[in-house]
Amino acid sequence: QVQLVESGGRLVQAGDSLRLSCAASGRTFNTAAWGWFRQAPGKEREFVAAVTWRGIVTYYADSGKGRFTIFRDNAKNTVYLQMSSLRDEDTAVYYCAVDGRYRYDGDSRYYRQTSTYEYWGQGTQVTVSS
């Protein structure tokens with residue numbers, strides 16, 4: 001059974017940095033696409049960042065460009081989201097997701113959709129206080 005477990009979320013001050021981790025178990029995802037999404041209270045889940053199955057190409061939502069970095073460690077079957085210069089509006093539950101079914105090299109919109117991903121974590125709360 002595949003499980004994704006996020007960690008690293010906590011209360012931080014505006015301007016701080018934070019690294020989220022998402023560790024997979026039950027299956028190896030060395031050639032899978034990974035994504036991070038977030039959901040704030042009363043809002044829909046939104047795309048944050050993704051790394052394609054090749055592990056080289058990354059995509060970011062405009063809100064996180066220049067501040068967030070997604071990267072993977074295949075040896076640990078883990079994906080990370082490094083966040084810096086955190087803002088109040090980054091407060092949300094952050095979810096990781098993975099899809100190992102397809103090896104897609106096309107439009108970036110594919111990676112920005114929740115429907116692309118096969119497995120999801122339970123989420124980790126990030127709260128940014130000013």
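Quick caveat, the model's predicted, so the values are computed rather than measured.
Looking only at side-chain heavy atoms (C-beta outward), Ser129 and Leu11 come within less than 4.5 Å of each other. A 4.5 Å side-chain heavy-atom check between Thr124 and Val93 finds every atom pair outside the cut-off. Residues Tyr110 and Tyr59 are not in side-chain contact: their nearest non-hydrogen atoms beyond the backbone lie 4.5 Å or more apart. Side-chain contact between Val98 and Val79 is absent, with no heavy atoms from C-beta onward closer than 4.5 Å. Under the 4.5 Å side-chain criterion, counting only non-hydrogen atoms from C-beta, Val128 is in contact with Val126. Side-chain contact between Arg103 and Thr52 is absent, with no heavy atoms from C-beta onward closer than 4.5 Å. Counting heavy atoms from C-beta outward, Trp36 and Glu6 have side chains that approach closer than 4.5 Å. At a threshold of 4.5 Å between non-hydrogen side-chain atoms, the residues Leu18 and Leu86 count as touching.
For Arg72 (side chain) and Ala32 (main-chain N/O), a donor-acceptor pair under 3.5 Å exists by modelled atom type. A donor-acceptor contact shorter than 3.5 Å is absent between the side chain of Ser21 and the backbone of Tyr80. Using a distance-only test at 3.5 Å, with no hydrogens or angles considered, no donor-acceptor pair links the side chain of Ser115 to the main chain of Gln113. No donor-acceptor pair closer than 3.5 Å links the side chain of Tyr60 to the backbone N or O of Ser63.
When hydrophobic clusters are built by joining Ile, Leu, Val, Met, Phe, Trp and Tyr residues whose side-chain heavy atoms come closer than 4.5 Å, directly or via intermediates, Val51 is not grouped with Trp120. The hydrophobic cluster containing Tyr104 also contains Val57, counting ILVMFWY residues as joined when their side-chain heavy atoms lie under 4.5 angstrom apart, directly or transitively. Under the 4.5 Å side-chain heavy-atom criterion for Ile, Leu, Val, Met, Phe, Trp and Tyr, Leu20 and Ile70 are members of the same hydrophobic cluster. When hydrophobic clusters are built by joining Ile, Leu, Val, Met, Phe, Trp and Tyr residues whose side-chain heavy atoms come closer than 4.5 Å, directly or via intermediates, Phe47 is grouped together with Tyr102.
Annotation: Tyr117 is in aromatic contact with Phe37 [ring centroid separation under 6.0 Å].
Going from atom OG of Ser7 over to atom CZ of Arg19 covers 11.0 Å, rounded to the nearest 0.5 Å. Atom-to-atom distance recorded for Gln82:CD and Ser17:OG is 6.0 Å, nearest 0.5 angstrom. The CZ atom of Arg27 lies 13.5 Å from the CD atom of Gln1; values are rounded to the nearest 0.5 Å. Taking CG from Asp16 and CZ from Arg87, the interatomic distance works out to 14.0 Å, rounded to the nearest 0.5 Å. Here Arg45 contributes atom CZ and Thr114 contributes atom OG1; the two are 7.5 Å apart, rounded to the nearest 0.5 Å.
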Q) Could you walk me through whether Arg54 and Thr31 pass the side-chain contact (heavy atoms from CB on, under 4.5 Å) check? A) CA-CA 6 Å; Arg54 293 184 185 274; Thr31 56; over 6 Å; no
Q: Any chance you could lay out the side-chain contact (heavy atoms from CB on, under 4.5 Å) test for Trp53 and Asp105, step after step, and finish with the verdict?
A: CA-CA 8 Å; Trp53 70 275; Asp105 288 320; 3.0 Å; yes
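Closest approach of Ala24 and Leu4 over heavy atoms only: CB-CD2, 3.5 Å. Here the closest heavy-atom approach between residue Ser25 and residue Asn77 is recorded as N-ND2, 4.5 Å. Closest approach of Ala40 and Ala92 over heavy atoms only: N-CB, 3.8 Å.
The stretch residues 88-101 participates, sequence neighbours left out, in these side chain to side chain donor-acceptor pair (under 3.5 Å) pairs: Arg38-Asp90, Arg38-Tyr94, Arg67-Asp90, Asp88-Ser130, Asp99-Arg101.
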